[in-house]
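What's counted below: heavy atoms across the whole structure, side chains too, no hydrogens, waters or symmetry copies.
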Amino acid sequence: MGVHDGHRQRMRQRFEQQGDDGLHDHELLEMLLSCALPRVNTNPIAHELLNAFGSLSGVLDAPMAELQKAPGIGPNAATLLRLLPGLCRRYYSEQQTHVILDSSEKCGAYLTPRFIGRRVETVFLVCTDAKCRVLGCQLLHTGSVNSTEVSSRKVVETALRFNAAAAVLAHNHPGGMALPSQEDLSTTQRLRQALEAVGVRLLDHIIVADGDFVSLADSGIL
């Protein structure tokens with residue numbers, strides 16, 4: 001067993017005994033990279049990535065082309081790193097079943113994980129029954145929430161398809177703050193009126209940024 005093999009084995013043992021809490025960020029990244037680069041000492045590569053992108057989340061959010069500029073990172077390793085944010089989103093989403101969204105805090109907690117690692121504006125509509133129990137969460141559009149692509153017709157069709165009694169709209173502000181813009185406010189009113197016309201109540205519009213969220217219901221707009 002070589003020096004690097006012994007080092008990896010010791011890290012695996014620590015991981016098995018203590019979980020990820022027992023490892024530093026560079027060690028977690030080192031272990032992950034070893035899956036794509038089994039014959040390479042990934043310790044210096046992990047340090048180089050963290051230095052280049054500032055943090056573990058910075059590494060995972062980095063574009064493929066930028067990742068591959070780091071020494072030792074090829075297409076396979078870059079693809080593995082870029083897969084993780086999407087896997088995290090799906091993991092958190094699948095944990096949240098039979099959820100009742102009867103408060104802005106619950107709406108924020110339910111929706112915030114769906115925006116992990118998203119670098120463009122993304123719009124979701126959550127459909128609920130009359131008791132605020134989630135019936136489905138539909139990705140409506142990737143792009144500006146104020147785009148004509150997020151049409152009143154698409155929102156209404158989604159709500160009717162789930163036979164919803166109520167709905168929650170959500171979108172993100174990548175790289176910005178969770179404060180609503182004037183366009184966000186006017187879009188909220190437009191979609192609320194469209195849903196009310198078919199008997200569906202818009203409970204809230206959640207705006208997510210950098211792991212934080214703002215509720216337009218709490219702000220008195222809904």
If the threshold is 4.0 Å, N to carboxylate O, is there a salt bridge linking Glu157 and Arg153? yes
Nearest 0.5 Å please: distance from the CZ atom of Arg190 over to the OG atom of Ser152. 4.0 Å
Checking Arg192 against Gln189: is there a side-chain donor and acceptor pair closer than 3.5 Å? yes
Measuring from Glu121:CD to Asn172:CG, what's the distance to the nearest 0.5 Å? 6.0 Å
Does atom CG of Asp210 have more than 12 heavy-atom neighbours, drawn from other residues, nucleotides or ligands, at distances under 6.0 Å? no
dist His173:NE2 -> Leu179:CG (nearest 0.5 Å) comes out at 8.5 Å
Determine yes or no for a side-chain-to-main-chain donor-acceptor pair under 3.5 angstrom, with Arg118 supplying the side chain and Arg114 the backbone. yes
Flag, side chain of Asp25 to backbone of Ser55, donor-acceptor distance under 3.5 Å: no
Can Ser181 and Asp184 be counted as having a side-chain donor-acceptor contact under 3.5 angstrom? yes
Report, as yes or no, whether the 6.0 Å neighbourhood of atom CE on Met64 holds more than 12 heavy atoms from other residues, nucleotides or ligands. yes
Sub-4.5 Å side-chain heavy-atom contact between Leu29 and Leu81: yes
Determine whether His141 and His171 satisfy the following criterion, ring pair (Phe, Tyr, Trp, His ring centres under 6.0 Å), listing intermediate values before the conclusion. CA-CA 9 Å; His141 179 62; His171 82 285; over 10 Å; no
Set out, in order, the CA-CA distance, both residues' side-chain angles and the distance that settles side chain to side chain contact (heavy atoms under 4.5 Å, CB included) for His47 and Glu30, then state yes or no. CA-CA 8 Å; His47 281 288; Glu30 182 182 347; 5.9 Å; no
Check against side chain to side chain contact (heavy atoms under 4.5 Å, CB included), Val123 and Leu139: CA-CA 6 Å; Val123 185; Leu139 190 154; over 6 Å; no
Take atom CG in Asn163; do more than 12 heavy atoms of anything else shown fall under 6.0 Å from it? no
Checking side-chain polar atoms at under 3.5 Å, does Asp218 have a donor or acceptor matched by the opposite partner on Ser104? yes
Tell me, with the steps shown, if Ile206 and Val168 meet side chain to side chain contact (heavy atoms under 4.5 Å, CB included). CA-CA 7 Å; Ile206 298 293; Val168 176; 4.1 Å; yes
Do Arg82 and Leu67 come close enough that some side-chain heavy atom pair is under 4.5 Å? yes
Ring geometry between His26 and His24 (parallel below 30°, tilted from 30 to 60°, perpendicular above 60°): parallel
One should read off an interatomic distance between Leu135 CG and Asp129 CG, to the nearest 0.5 angstrom, of 5.0 Å
Working for side chain to side chain contact (heavy atoms under 4.5 Å, CB included), residues Leu101 and Leu203: CA-CA 9 Å; Leu101 303 182; Leu203 299 173; 5.6 Å; no
Taking the six-membered ring for Trp, are the ring centroids of Phe115 and Phe124 within less than 6.0 Å of each other? yes
Just so I know, are the side chains of Val126 and Val134 near enough to count as touching, which here means a heavy-atom distance under 4.5 Å? yes
Distance from Phe162 atom CZ to Leu125 atom CG, nearest 0.5 Å? 8.5 Å
Minimum side-chain heavy-atom gap Arg201-Leu195 below 4.5 Å: no
